[in-house]
Amino acid sequence: MVERIAFADIEEALVDFLAAEFSAGADPAKAFTKVPDPRPARTVRVTRDDRKARLDVEDRKGRRGAHLILDHPRMVFECTDDAGGAAELAAKVRGIVNAAAPGYIGTVWCDYVEDVGEENDTDPVTAAPRYTIVTDLIVRGKVLA
């Protein structure tokens, strides 16, 4: 019989993790999966986007491999700051996330973080500075009873 594996909501785990890190560092930044209206001045939007192309065996061959207890989410962090500190916020988020493995992101064990890169993604409508960071994580699921 094949074991059933449940994976945690990695977006919410990362939002809570970043909120705790910001609070510990006395940073007023807020992390969300859905940005509220009105948007706080300093925000990080956390989304999972596995559709962004990867250049690994998972994409080339269309297979997940033998380790079905592992999830491989591609995470996107959009960092904005109305005071002009979007690049600094992105650097901080990048450092926090890259230092998370191996270790817990909330209650989720993270084996590995691969930094895919950072992009200056200035908002075309408002010209507000925005930086986007992309990372690949390897996180463990839990076996269901």
Side-chain angles (χ1 to χ4, degrees), residues 5-144:
I5 310 298
F7 297 103
D9 183 344
I10 192 63
E11 289 176 330
E12 285 301 322
L14 280 163
V15 165
D16 295 343
F17 181 71
L18 287 173
E21 292 289 323
F22 293 151
S23 179
D27 189 320
K30 304 290 182 197
F32 305 98
T33 55
K34 229 181 222 186
V35 180
D37 187 22
R39 180 179 61 79
R42 190 168 161 90
T43 64
V44 178
R45 180 172 165 240
V46 179
T47 55
R48 178 176 180 156
D49 188 357
D50 291 341
R51 298 176 91 183
K52 280 189 173 282
R54 288 192 184 104
L55 300 176
D56 60 11
V57 71
E58 186 177 318
D59 281 340
R60 288 192 313 271
K61 306 283 186 185
R63 60 185 164 94
R64 299 285 294 174
H67 305 290
L68 297 179
I69 199 162
L70 300 178
D71 192 14
H72 192 178
R74 174 155 278 191
M75 302 308 301
V76 179
F77 303 88
E78 294 175 4
C79 304
T80 59
D81 184 356
D82 293 347
E88 175 268 326
L89 178 59
K92 181 180 280 189
V93 169
R94 197 173 188 184
I96 290 168
V97 173
N98 287 341
Y104 282 97
I105 296 174
T107 60
V108 179
W109 179 260
C110 182
D111 284 320
Y112 185 73
V113 175
E114 182 175 351
D115 187 339
V116 177
E118 181 177 330
E119 174 186 10
N120 182 340
D121 186 26
T122 301
D123 188 325
V125 175
T126 64
R130 177 174 60 199
Y131 283 79
T132 301
I133 303 159
V134 179
T135 61
D136 288 336
L137 307 179
I138 296 178
V139 297
R140 291 190 176 271
K142 294 184 180 180
V143 178
L144 296 174

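What you see is a predicted model, and the numbers here were worked out from it, not measured in a lab. Numbers here are sequence positions counted from 1.
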What's the separation between atom CD in Glu12 and atom OG1 in Thr107, rounded to the nearest 0.5 Å?
11.5 Å
What is the distance from atom OG1 of Thr47 to atom CZ of Arg74, rounded to the nearest 0.5 Å?
11.5 Å
Taking the side chain as everything from C-beta on, heavy atoms only, tell me whether Asp27 gets closer than 4.5 Å to Arg42.
yes
Distance (rounded to the nearest 0.5 Å) between Glu114 CD and Asn98 CG
10.0 Å
Do Asp71 and Arg48 touch side chain to side chain, with heavy atoms closer than 4.5 Å?
yes
Give, for atom CD1 of Ile105 and atom CG of Leu18, the distance between the pair rounded to the nearest 0.5 Å.
8.5 Å
Could you tell me which non-hydrogen atom of Cys79 sits nearest to which non-hydrogen atom of Ala86, and how far apart they are?
O-CB, 3.8 Å
Nearest heavy-atom pair of Phe7 and Leu70: which atoms, and what distance?
CE2-C, 3.8 Å
Specify the closest pair of heavy atoms between Asp123 and Arg130, including all atoms of both residues, with the distance to one decimal.
CA-NH2, 3.8 Å
Could you report the tightest heavy-atom contact between Val44 and Val93, atom names first, then the distance?
CG2-CG2, 3.8 Å
May I have the step-by-step check of side chain to side chain contact (heavy atoms under 4.5 Å, CB included) for Val143 and Ile5, ending in yes or no?
CA-CA 5 Å; Val143 178; Ile5 310 298; 3.8 Å; yes
Trace of the side chain to side chain contact (heavy atoms under 4.5 Å, CB included) decision for Asp81 with Tyr131
CA-CA 10 Å; Asp81 184 356; Tyr131 283 79; over 6 Å; no
Show the nearest heavy-atom pair for residues Leu144 and Ala6, with the distance to one decimal.
CD2-CB, 3.7 Å
Exercise: do Thr80 and Asp82 side chains pair donor with acceptor under 3.5 Å:
no
Under the criterion side chain to side chain contact (heavy atoms under 4.5 Å, CB included), I'd like the reasoning laid out for Leu137 against Leu14: C-alpha separation, chi angles, the key distance, then a yes or no.
CA-CA 11 Å; Leu137 307 179; Leu14 280 163; 4.0 Å; yes
Spatial distance of atom CD (Glu11) from atom NZ (Lys34) [nearest 0.5 Å]:
10.5 Å
Report the C-alpha separation of Ile138 and His72 in whole Å, then their side-chain angles, then the decisive distance to 0.1 Å, and conclude whether the side chain to side chain contact (heavy atoms under 4.5 Å, CB included) test is met.
CA-CA 5 Å; Ile138 296 178; His72 192 178; 4.3 Å; yes
Tell me the closest heavy-atom pair linking Phe22 and Ala29, and the distance in Å.
CD1-O, 3.4 Å
